[in-house]
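Only one structure is covered here, and it is reproduced in the block below.
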Number of protein chains: 2
Amino acid sequence: MSDSTCLKKTHIVQLMRELHHLISPKFERCTGMSASRLQLLHLLYDHGEISQSALQKEANIDSAAITRHLKQLEAQEKVVRRKNPEDHRVTLVTLTEQGIDEMDAYRRERDTFVTNLLQGFSDEELPTLLAMLHRIRDNANRIEG
Amino acid sequence: MSDSTCLKKTHIVQLMRELHHLISPKFERCTGMSASRLQLLHLLYDHGEISQSALQKEANIDSAAITRHLKQLEAQEKVVRRKNPEDHRVTLVTLTEQGIDEMDAYRRERDTFVTNLLQGFSDEELPTLLAMLHRIRDNANRIEG
DNA sequence: CCTCAATGATTGATACATCAACTAATATAA
DNA sequence: TTATATTAGTTGATGTATCAATCATTGAGG
């Protein structure tokens with residue numbers, strides 16, 4: 001592979017890192033909640049009651065982080081947890097009514113945010129970008145870890 | 001904007017987050033150093049002696065984080081710090097000989113990593129992707145912060 | 001039935017990033 | 001030139017992520 005190709009690839013990887021660094025705190029300020037936590041809430045919204053380990057697998061977050069997030073979301077009365085009566089090892093999590101209600105507002109904020117972030121992208125460009133990101137993800141999954 | 005466009009944008013943003021989450025620890029394992037710290041070393045390599053505040057501006061990292069990274073890099077004898085004799089507020093940082101030597105290895109590891117991560121991307125696709133990421137960055141910079 | 005392995009969740013230690021508060025040095029302006 | 005503001009860097013508190021160790025519960029095999 002040519003040097004210039006490698007250089008471009010390096011720039012892309014650097015830029016992706018920089019973007020995350022730039023976007024993540026802004027997302028949090030605009031939506032009022034961190035992307036991780038909002039992801040958990042969305043998973044709960046879509047799945048209904050779900051175990052923490054299932055959440056963990058879908059969100060790809062460490063189970064310790066799941067526990068800590070849910071502890072705080074529970075304190076904010078956005079979720080409830082209960083032991084699965086059929087298997088006392090597993091904890092089942094659900095959105096509260098309040099949590100469900102608040103999701104609408106969070107969703108709106110998120111939609112505004114992503115709209116602004118990808119402003120100017122045409123209907124042809126978006127699928128192109130999405131496909132590229134998927135390919136990068138597949139490559140990443142092949143790298144030893 | 002149509003719902004499906006917004007949905008695509010949301011997917012893209014989610015995927016970018018997921019990618020960072022996936023790539024960052026792998027990068028660290030493969031190269032033997034976190035991307036932040038390697039970025040600092042690269043900046044030092046390119047600039048020669050440079051002040052911490054200049055480093056901070058280029059790396060876009062909090063100055064507290066800069067201080068702590070450099071403290072450890074100094075303990076590992078990869079960098080040296082000295083006060084600017086003309087302005088005792090500023091601390092000037094340089095790579096040590098050892099630091100410079102080690103950069104070759106780090107660079108090789110990084111090149112291997114980014115090559116694998118972007119495997120299969122053609123010479124036409126890479127600039128396209130890079131341009132798109134730049135546009136996203138510009139959009140992000142326009143979002144209130 | 002009883003041991004031992006596997007699973008789900010939690011906790012503690014550690015790492016890294018941020019913000020806010022602070023110190024020290026320098027620049028500005030009355 | 002003295003008071004004030006600005007700049008560079010450090011430190012402490014906090015939040016979040018990881019890994020490793022631990023506990024409780026369940027499952028499987030002798």
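Only a predicted model underlies this, so the values are computations on that prediction, with no experimental measurement involved. Throughout, a chain's letter reflects where its sequence line sits, starting with A, and its residues are numbered from 1.
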Nearest-Å distance, [atom1] ([X]) to [atom2] ([N])?
{"X": "B:Leu55", "N": "D:dT7", "atom1": "CG", "atom2": "P", "result": "19 Å"}
{"X": "A:Leu70", "N": "D:dT16", "atom1": "CG", "atom2": "P", "result": "13 Å"}
{"X": "B:Lys83", "N": "D:dT7", "atom1": "NZ", "atom2": "P", "result": "17 Å"}
{"X": "A:Asp87", "N": "D:dG27", "atom1": "CG", "atom2": "P", "result": "6 Å"}
{"X": "B:Gln76", "N": "C:dA15", "atom1": "CD", "atom2": "C1'", "result": "13 Å"}
{"X": "A:Lys26", "N": "C:dT18", "atom1": "NZ", "atom2": "C1'", "result": "15 Å"}
{"X": "A:Ile61", "N": "C:dT10", "atom1": "CD1", "atom2": "P", "result": "15 Å"}
{"X": "B:Arg29", "N": "D:dT18", "atom1": "CZ", "atom2": "P", "result": "11 Å"}

At under 4.0 Å, does any side-chain N or O of [X] touch on OP1 or OP2 of [N]?
{"X": "A:Gln52", "N": "C:dT10", "value": "yes"}
{"X": "B:Ser51", "N": "D:dA8", "value": "no"}
{"X": "A:His69", "N": "D:dG15", "value": "no"}

Between B:Glu49 and B:Arg82, is there a side-chain N and carboxylate O pair less than 4.0 Å apart?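 Salt bridge present between B:Glu49 and B:Arg82.
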
Could you check whether [X] gets within reach of a base, just the sugar-phosphate, or nothing at all, counting any heavy atom under 4.0 Å?
{"X": "B:Gln72", "answer": "sugar-phosphate"}
{"X": "A:Ile66", "answer": "nothing"}
{"X": "A:Thr91", "answer": "sugar-phosphate"}
{"X": "B:Thr67", "answer": "base"}
{"X": "B:Lys71", "answer": "sugar-phosphate"}
{"X": "B:Ser63", "answer": "base"}
{"X": "A:Asp62", "answer": "base"}

Pair A:Leu117-B:Lys9, side chain to side chain contact (heavy atoms under 4.5 Å, CB included): steps then yes or no: CA-CA 8 Å; A:Leu117 192 63; B:Lys9 292 187 175 183; over 6 Å; no

The side chain of [X] is closest to which nucleotide in this list: [options]?
{"X": "B:His88", "options": "C:dA17, C:dT26, D:dT25", "value": "C:dT26"}
{"X": "A:Arg89", "options": "D:dT10, D:dT25, D:dA17", "value": "D:dT25"}
{"X": "A:Ala64", "options": "C:dA9, D:dG27, C:dG12", "value": "C:dG12"}

Under the criterion side chain to side chain contact (heavy atoms under 4.5 Å, CB included), I'd like the reasoning laid out for B:Gln76 against B:Glu102: C-alpha separation, chi angles, the key distance, then a yes or no. CA-CA 11 Å; B:Gln76 295 166 13; B:Glu102 289 171 349; over 6 Å; no

Between the base of C:dG12 and the side chain of A:Arg68, is there any donor-acceptor pair under 3.5 Å?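 Under the 3.5 Å cut-off, the side chain and the base do form a donor-acceptor pair.
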
Could you tell me if A:Gln119 and B:Arg142 have a donor-acceptor pair between their side chains, going purely by distance under 3.5 Å?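 Note: B:Arg142 and A:Gln119 side chains miss the donor-acceptor criterion.
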
Would you say the side chain of A:Lys78 lies within less than 4.5 Å of the side chain of A:Arg37, judging by non-hydrogen atoms?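 Side-chain contact under 4.5 Å: no.
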
Heavy-atom closest contact (B:Ala140 atom, A:Leu22 atom, distance):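 Taking every non-hydrogen atom into account, CB-CD2, 3.6 Å.
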
Nearest heavy atoms of B:Cys30 and A:Ile143, plus distance in Å: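 So the two residues come closest at SG-CG2, 3.9 Å.
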
For DNA chain D, which residues in residues 33-45 of chain A have a heavy atom at a distance below 4.0 Å?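 Residues of residues 33-45 of chain A under 4.0 Å from DNA chain D: A:Ser36, A:Arg37.
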
Within 45° of the ring axis of B:Phe27 and under 6.0 Å from its six-membered ring centre, is that where the NZ or CZ of A:Arg17 lies?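 A:Arg17 over B:Phe27 ring: no.
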
